[in-house]
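Numbers for residues simply follow the sequence, beginning at 1.
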Amino acid sequence: MPLDPGTILVLLAIVAGIIVLAVLLTFVPVMLWISALAAGVKIGILTLIGMRLRRVIPSRIINPLIKARKAGIEVGINQLESHYLAGGNVDRVVNALIAAHRANIELTFERCAAIDLAGRNVLEAVQMSVNPKVIETPFIAGVAMNGIEVKAKARITVRANIERLVGGAGEETIIARVGEGIVSTIGSSDHHKKVLENPDLISQTVLAKGLDAGTAFEILSIDIADVDIGKNIGAELQTEQAEADKKIAQAKAEERRAMAVASEQEMKARVQEMRAKVVEAEADVPLAMAEALRTGNIGVMDYMNFKNIESDTDMRGSIGKMTTDKKDQQKPE
């Protein structure tokens, strides 16, 4: 049965109304507005629409606002929205405010938002203010005055300092300062046994230095968890020094030996030079003898007497050499 034009128009109007209502309910968080009214938080529907236009998710603002009002914390919707637009975590800030309020810790929304925007977990900081955190250092080695290495491990109990969370140093600075204090305390001990007998001296000395200055924490206690003996650094250094001195002495001795060898070679060269001169001088003797015979400065008999004397000298030299060799052979070994 065909419908008349009037019925079709009514159906189209109903469909259009349903579509408009669905779009309106999607754009306007009516259920969130009803939830806020039921929780006693007065907020206008136009404010929620404005959040949509500003690309702010209304539930990210309204739910923390309801939570804060129920906890008795006065915070404005504009404050939460501005913190959200700045890139902060609104829900975490409200949770931190509630935790601080329950623990009787004075914390304003502005400071809490600043801590959150600084990149620190403000809720964790508030929880750490109520329940202190224990930071355990690795083994830190120091050398006592007697050269023995002592290794100590410390447990640092810290509490978050809300006032210094913005701009304060973190856990790494605390560990580094405590490590420096442990090394200086061990190094100032006369004997490593004093450290082993009284490890509390380390914690007392380190605590007295005020290591938490400029940090985001307050040091409550420093407890030495373990103390071990390491290497004998003094003996190792002395051994290395002795080895270095030995190498220096060996180098100097080698230098003197090389100079002695060079001097010996130089003297040998000079001996050879002198021998060459002697041979050269001896070569001139026959020439001189011949020239003397030629010029009549000496006679034949004089020459023969010279040769006899020379032969006699050679014979005596040979006899002396044979006598020396026999005496050397007769010596007991």
Side-chain angles (χ1 to χ4, degrees), residues 89 92 95-96 99-100 103-107 111-112 114-240:
N89 191 322
R92 186 164 56 194
N95 289 337
N104 292 324
I105 299 174
E106 185 178 353
L107 181 63
R111 180 172 293 278
C112 190
I115 294 171
D116 184 64
L117 291 177
R120 295 188 181 274
N121 192 328
V122 62
L123 178 59
E124 181 180 345
V126 173
Q127 292 173 348
M128 194 185 300
S129 297
V130 179
N131 185 20
K133 180 181 180 180
V134 177
I135 303 174
E136 185 170 327
T137 66
F139 272 107
I140 300 171
V143 181
M145 289 186 180
N146 62 341
I148 303 299
E149 182 185 34
V150 180
K151 299 179 181 179
K153 179 187 290 186
R155 288 192 177 96
I156 313 164
T157 304
V158 296
R159 180 172 58 195
N161 192 329
I162 302 296
E163 300 296 328
R164 294 202 299 257
L165 275 177
V166 178
E171 295 183 10
E172 293 80 5
T173 302
I174 293 289
I175 295 175
R177 290 181 179 179
V178 171
E180 180 184 356
I182 292 175
V183 171
S184 62
T185 304
I186 295 175
S188 61
S189 300
D190 296 334
H191 202 279
H192 70 281
K193 291 184 179 180
K194 291 184 178 180
V195 181
L196 297 178
E197 293 172 358
N198 300 305
D200 57 326
L201 291 176
I202 299 177
S203 58
Q204 293 174 5
T205 306
V206 174
L207 276 175
K209 293 185 177 182
L211 302 180
D212 54 0
T215 65
F217 303 97
E218 177 185 355
I219 297 179
L220 300 179
S221 67
I222 298 176
D223 304 309
I224 303 302
D226 192 8
V227 179
D228 289 338
I229 298 297
K231 301 177 181 178
N232 192 337
I233 303 297
E236 290 184 359
L237 292 177
Q238 291 177 359
T239 302
E240 292 177 359

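Here the CD1-CD distance, from Ile224 to Gln204, works out to 10.5 Å after rounding to the nearest 0.5 Å. The distance from atom CD1 of Ile219 to atom CD1 of Ile174, rounded to the nearest 0.5 Å, is 4.0 Å. For the atom pair NE2 (His192) and CG (Asn232), the distance works out to 8.5 Å, reported to the nearest 0.5 Å.
With sequence neighbours excluded, no residue forms a salt bridge (Lys or Arg N to Asp or Glu O under 4.0 Å) with Lys193. Scanning for salt bridge (Lys or Arg N to Asp or Glu O under 4.0 Å) contacts around Arg111 gives Glu163, with sequence neighbours left out. Judged as a side-chain hydrogen bond (donor to acceptor under 3.5 Å, both in side chains), and not counting sequence neighbours, the contacts of Asp190 are Lys194. Annotation: side chain to side chain contact (heavy atoms under 4.5 Å, CB included) contacts of Ile135 (sequence neighbours excluded): Ile156, Val158, Glu171, Ile175. With sequence neighbours left out, the side chain to side chain contact (heavy atoms under 4.5 Å, CB included) criterion links Ala176 to no other residue. For Asn89, the side-chain hydrogen bond (donor to acceptor under 3.5 Å, both in side chains) criterion is met by no residue, not counting sequence neighbours. Considering only residues two or more places apart in sequence or on other chains, Arg92 meets the salt bridge (Lys or Arg N to Asp or Glu O under 4.0 Å) condition with Asp116. Scanning for side chain to side chain contact (heavy atoms under 4.5 Å, CB included) contacts around Glu180 gives an empty result, with sequence neighbours left out. For Thr239, the side chain to side chain contact (heavy atoms under 4.5 Å, CB included) test picks out no residue, with sequence neighbours left out.
The two residues Ala154 and Ile182 make their nearest non-hydrogen contact at CB-CD1, 4.0 Å. Summarising the geometry of Ala96 relative to Leu107, their closest heavy-atom pair is O-CD2, 4.3 Å, with the distance given to 0.1 Å.
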For residues 122-132, tabulate all N or O donor-acceptor pairs below 3.5 Å that involve a side-chain atom, not counting sequence neighbours.
from	atom 1	to	atom 2	distance (Å)
Ser129	OG	Ala125	O	3.0
Ser129	OG	Ala160	O	3.2

**Request:** Could you please spell out the steps behind the side chain to side chain contact (heavy atoms under 4.5 Å, CB included) verdict for Ile186 and Val143?
**Result:** CA-CA 6 Å; Ile186 295 175; Val143 181; 5.9 Å; no
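The list of salt bridge (charged side-chain N to carboxylate O under 4.0 Å, His left out) pairs with a residue in residues 218-229, not counting sequence neighbours, reads Arg159-Glu218. A salt bridge (charged side-chain N to carboxylate O under 4.0 Å, His left out) check over residues 147-156, counting only residues at least two apart or in different chains, returns the pairs Glu136-Lys153, Glu136-Arg155.
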